[in-house]
Each structure stands twice: as structure tokens, then as C-alpha cells.
Number of protein chains: 2
Amino acid sequence: MNDSKMIDVARQAKVSVATVSRVLNGSSAVSDKTKKRVLSAIKEMNYAPNASAKNLRSLKTMTLGVVVSDILVSYYAEIIKGIENTANGLNYNILICDAQNRKEKEREYMSLLLNRTVDGMILVTPLLGNEEIRDFADMGCAIGIVGRYIDHPNVPCIYTDNVKASREVVHHLIEEGHERIAFLSGYADAVDSYERLEGYLKALRDARLPFIPELIENGNFNEIGGNEAFRRLMAKDIGFTAVFAANDEMALGVYEACKALSIEIPARMAVVGVDNNRISKYVTPRLSTVDQPKYTMGALLAEKLIDQLNDNAFADKRTFKVDSKLLIRDSSRNRK
Amino acid sequence: MNDSKMIDVARQAKVSVATVSRVLNGSSAVSDKTKKRVLSAIKEMNYAPNASAKNLRSLKTMTLGVVVSDILVSYYAEIIKGIENTANGLNYNILICDAQNRKEKEREYMSLLLNRTVDGMILVTPLLGNEEIRDFADMGCAIGIVGRYIDHPNVPCIYTDNVKASREVVHHLIEEGHERIAFLSGYADAVDSYERLEGYLKALRDARLPFIPELIENGNFNEIGGNEAFRRLMAKDIGFTAVFAANDEMALGVYEACKALSIEIPARMAVVGVDNNRISKYVTPRLSTVDQPKYTMGALLAEKLIDQLNDNAFADKRTFKVDSKLLIRDSSRNRK
DNA sequence: ATGTATGATTTAAGCGCTTCCATGAAGTGA
DNA sequence: TCACTTCATGGAAGCGCTTAAATCATACAT
């Protein structure tokens, strides 16, 4: 590691540190001659500016924290790619915090903001409650959210209409002839679970189908949870021909359970998930699901948050609703 | 955001900033009475230390950079989980850098080290050449590598025996009766490609089978590459009954190609991959592959690197070879 | 009462930058 | 030539913290 600092470069180029700094930041005029001398001194000494000193002085860190509930879920990983690319393009680094599906961990990570370890934070998680997030924002923390809607003047967010998407899924299932459709929800306190359930209920009402509370089970948004929830459903012996899982991970669990129980998909059981997890198109039968423009969502949010960091105000709008798209594949089609 | 600083806390508690600092860091004795007063002042003022100032003063950042070639690949994501958990446990943050499979991006990210944005860096990529990495290490940069072997006194690394694993795969295929086995390699300049090819060759020699250069194709470690490479192989019309893909992503590409070309796996074509990508057990037929203790590898390396950061020397050993394990599933078995 | 050892606390010097302000040099018009 | 503007550069303060060294307070032995 090279340990030369600005003063060394300055001496070498026979200028003051102020001038070196100016050359580095292009903040104000430096004559071409001097600039050239400084630049070559920098190269010669292999100088690299010390980020901590810069941060301290400028009261910024040029990094964004990204709190994600589970990096292994490709849905999140793609959002993060969008965030990272955009942030890098705007000279920001990102600190990824994998909360491992635990709320306390997410809170813990958010304290990085209070330490000024990061200039702002992007939340990619269904776990934290709206109230908590608003509290942080009220304290003046720069926060942005992707994947859910929050109404707060300082919080940019980008989300899809979960209710609508969910309604579409259930409509599709009803059109395929299903009347008793089970719903696998995620964590009880996650916004997504709630909204997807709402869409499910609306679709039933639209079709004048009865709501049967026994057909609802919670699968905690993960594969094992989905598997177990489906088995509980079967154990009730109430009869149903389709399952709508609030995400693909749980749908995968349903697949496993069906394989174990020798229930054929889609012939005896139609399955639809949400998220268009990368795995969903590799399973057999290919899983019907709802796709979201994940990368774009991440990218857009990063841009907005950084905008806000720089002017302390939103150029235009603050909340963005993007369209999701039902992908009808083999797991819910051609039921004979 | 709270803007109180140490001096405010000090005034409130009627002590000097040095005392506040000592309370915060527990570095030397402070009387219980004073400590209590300081602590309550901190709470009262909602004080949080400024990380940049701390970093500047202590010449550390308590963050590790992690350069990964593609975060979407679950193999890498799991390694990263191991790194992150361990690092967090030791009070380090991690800056994840997704190089999007591009060498230049990786180099670019490594310059973070020179800026002292991070205290050390963990490389999770097959792309960068050994030479380049050694050069960095020679400059005194703290670097660690997971997933490949590098011989440098300052570089901890943890890896699996690619040659052995690869040899095992091919032995297995030969035992299943295959004699003409194609090999799909990754980037020509990746260490993994080279080592896996070596294992392939050794296994052929062990079994006194001829090496047929036409059976080798490069698939760049990704799905599309695997798909295309397999099609090129088929187009040559030289006859082979098994494919060993140097990673699961490429094996997935082979699956797609086989589906398109109506080639049944494993009946007409046995397929084996490497990595035990999460997807591999969901595809039909389930993909035979080689598993590595990914999480543990990441965790162990993070621990070693941080050790090194703190004592500037390795407590015990520096390189770790862990065992990988051939998982024989459906894609290479029961050929009739 | 005096000296000394021990422990608690403060003082003050930076860590390596950025940026405001002052200074100097060069150019312009009268 | 002189007064004034403009542009390039340097001086120096200070971002918020840590830590070595100095100081102060207390207790104890003599």
C-alpha cells in the first residue's frame, strides 16, 4: 500500500496542498501548467486520496447502505444489481447488509446511518414496519424503499401494485376453472402479505366465490414454510384445486410437498407464485408467477435517493408505481 | 439525524472529550461514577459517534471489500453470507462489489483498497489472474481469496481441490459406462477452468481412454455459453454420451439445449456440473454436481483476513484446502 | 506533616483532507 | 504611470475523533 499523502504530492509538484486538492476535485481554476505538474507528481508517487479524511472533511461518505432481507433470493439480488450499478455510476459505493430475514438485524443495520457510515439507506425488505421506517425518516435520515409503498414526504419509494397483481393471479386461476383456491401468505406482519391477501379476496368477491378462511395458511415467505403450510392445508382435508403462494419460494415448497404426496401439478393442483424468482422457470412444470422489473426498480430508486442527497429535495415525484406482469406458464394451465 | 458530537456529550456530563472517548472504547479505566454520567449523557443526547472521524484518526475503516464476479450466482451469494456474518461478528462491515463478470470492473473495485475505503479485500472471483493479485499483495494490500489457491505469504486462501473433484466426476461418468465424455470449460483464463480440465484429463488417462480435443468446448461459465457450447459440440457430429460442465450454470444451458434438441437426460446424455447451485436440485432431472462448503469457506476466510489485519501475521496456517463432495443425482445415473 | 505510589482525568497534538480568505501577479484602461 | 480588476495560488482553520503525556486527586506509609 502506498502511503504518500497530499502534502507529499504538493511538495513534489512545488505547490500547496490546496492546489493539489483543487486539481483533484476540479473545484476551481488551476492553470494548465500547474495542473500538469500536479498530475504527474500524483502519478509518480502513486498517490491515492484518503477516503476517511475526505469523508470527515466533507461530511459525506459517498456510500449507500442497502438493507436486504436475504441476498440468496434472486428477486432481491437483481434489485441490488440495479442499485449498485446506478450508485457506482454516480460515484457512490454500496454497503450491503443481509438481515437474514430478521427484523432486529435490520434495525441494527440501520444504525449505520446514525453513525454516518453511510449517507443514505435503501430498504429492500418486507419486514420492517412502516411506522419504524417513518420514525427514522422523521429523524432526518435519508431512506428509500424499493418494493413497497410508503407515504412520507422524505422517502422515495418504488413499488408495484400488489393488490392488482394478486387479483390478476386469482382471476387467472378462476378462469382456468378453479373455485377453491388456497392462499399461502408470508410473514403476518409484512406489507406484501397483507396486500396480496387483499387482492386474493377482491378477486374472490369479483367472481362471487365464497371466502373460506381455512384456505389461508402462512408460509413465512420461504420454501420450508411453503412446504409445511401446504401440508397443513392438505391435512385439513377441505378440498381445493389451486394454490396461490405469495412468493415463488413458498411455491417451491409446494412443489416439494406435492412431489412427496404424489400430487400432480397442474393436473391435480394448480400453483402460482409471485416474484419470478430465477428458479421458477427451471422447475418442472415451469412455475406461473408475477414478474416485476426488479433491476429497473433498484436502479431508479438509487437515482432518486442520490438526487435527494444532493439537492435535499425531489426534482419531480417521489413515489413510483411500476407495472408487474403475470407470467402464465405450465403450473396453472391446461387443466383437463 | 442527530448532530450532537463528542464535545456536546462531554459538556453535558461535565468531563473532557477524552473521557467520553474512553467510556466509548473501554480502552482504559474510568471510574464507575463518571462512566455512568457519561453513558446517560450519551443516551440523553442520542449521541452516535462519527465513523469518518474515527476512521481517520485510527487509520482503519473497519470495512472489508468483497469483490464477487456475480451476486446472482447462488454459489457466490452463499460464500458472501459466510463472509458477512463472520465479519459482522468481529465488528466489520462489508462493501460488496459485483463485478458483473468483468475483469476491468474487478480491478476498478480493488482500487478502493488504495483509497483506504476498506481495510482489506476478499476476492470471490475466478477472473483476475494470479499475477495481478500477487502484485496487489506485494504492495502491502490485505487480500484474501476464497475458492482458489494462491501462493503468497500475505494472502490467506481457502479452496477445494478442483483437480480431484473433477477427476471424481469423470470417474463416475466412466463407471456409468460412458467413454466419450465432453467437457465444457469456463473462461479460458480462469484458474478453475484450467484445474477442472486437468482433472478431466487425468481421469481419462486413469481409465486409459483417449483424449479427443474436439470434445472440449468453452462455455464461459454461464448458461447461454453452456447452451451454445453444447450445440457446437452436437454440430460437430462426433458422438458423445456425457457432458461434464465446469459449473452448474453451463449445465443449465446444456439442459435447455437438450430440451430444444429433444435429447433426453440422462438416457441419451448424462450431465454433471460443479458448484451445487441452488437451482441444480430443482431442475428435472435433478442435476448431479459437486458441492462445496460455501458458507464455511466464506466465514473462515473472513476470520483469517481479519486476524491478519489485527496482528499483521497469521496465527497458524494461511492456506486451507476443504473437501468438496460429488453429489450423484438423476442427471448422470441409471443409464440403461 | 511529608513524600510517594496509584488511579482518574484533562490537555493537546494530530489523522489527511477541503475551502474560505488573503495575497500576489498579470492584465486593462485612463 | 497608476488604480483597478481578474485569475492563480498559498495560508490556515477545522471536520470529530483517539491517545500519549501531563496533571490532579487521593490514599497510604513513614
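From a predicted model like this one, the values you see are computed outputs, not experimental measurements. Note on naming: letters A, B, ... go to the chains in the order of the sequence lines (proteins, then strands), and numbering restarts at 1 for each one.
Among the nucleotides dG10(D), dC17(D), dC17(C), the one closest to any side-chain atom of Tyr47(A) is dC17(C). Considering only the side chain of Leu59(B), dC15(C) comes nearest among dC15(C), dT19(D), dT19(C). Of the listed nucleotides (dC17(D), dT9(C), dC17(C)), dC17(D) has the atom at the smallest distance from the side chain of Pro49(B). Closest to the side chain of Asn50(B), from the set dA8(D), dT19(C), dC17(D), is dC17(D). Listed candidates were dC17(D), dG16(C), dG10(D). Nearest to the side chain of Lys54(B) is dC17(D).
Here the C1' atom of nucleotide dC15(C) and the CG atom of Leu56(B) are 4 Å apart, to the nearest Å. One atom, CG of Asn115(B), and another, P of dC17(C), lie 10 Å apart when rounded to the nearest Å. For the pair Met6(A) CE and dC17(C) P, the interatomic distance rounds to 6 Å; values are reported in whole Å. Taking atom NZ of residue Lys60(B) and atom C1' of nucleotide dC17(D), one finds them 14 Å apart after rounding to whole Å. In this structure, the CZ atom of Arg37(B) is 14 Å from the P atom of dA8(C), given to the nearest Å. Atoms NZ (Lys33(B)) and P (dG7(C)) sit 17 Å apart, rounded to a whole Å. Put simply, CG on Leu24(A) is 7 Å from P on dT18(C), counting in whole angstrom units. Atom CD1 of Ile42(B) is separated from atom C1' of dC17(D) by 13 Å (rounded to the nearest Å).
Shown here is Lys105(A), whose NZ atom has more than 12 heavy atoms of other residues, nucleotides or ligands within 6.0 Å.
Position along DNA chain D of the nearest nucleotide to Ala53(A) versus Val17(B) favours Ala53(A) as the more 5'-ward residue. When each of Thr19(B) and Arg57(B) is assigned the nucleotide of DNA chain C with its nearest heavy atom, Thr19(B) is the one assigned upstream, toward the 5' end.
For Lys103(B), the side chain to side chain donor-acceptor pair (under 3.5 Å) criterion is met by Asp189(B), not counting sequence neighbours.
Here Ser31(A) reaches the OP1 or OP2 of dT9(D): one of its side-chain N or O atoms lies under 4.0 Å away. At least one side-chain nitrogen or oxygen of Thr34(A) sits closer than 4.0 Å to the OP1 or OP2 atom of dT9(D). In terms of phosphate contacts, Asn25(B) brings a side-chain nitrogen or oxygen within less than 4.0 Å of OP1 or OP2 of dT18(D). Not one side-chain nitrogen or oxygen of Ser16(B) sits closer than 4.0 Å to the OP1 or OP2 atom of dT11(C).
Glu131(A) and Arg134(A) are joined by a salt bridge, as a carboxylate oxygen and a charged side-chain nitrogen come within less than 4.0 angstrom of each other.
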Trace of the side chain to side chain donor-acceptor pair (under 3.5 Å) decision for Arg148(B) with Asn130(B):
CA-CA 10 Å; Arg148(B) 64 194 263 193; Asn130(B) 283 351; 2.7 Å; yes
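A donor and an acceptor atom sit less than 3.5 Å apart, one in the side chain of Arg22(A) and one in the base of dG10(D).
No side-chain heavy atom of Asn50(B) sits less than 4.5 Å from a side-chain heavy atom of Lys5(B).
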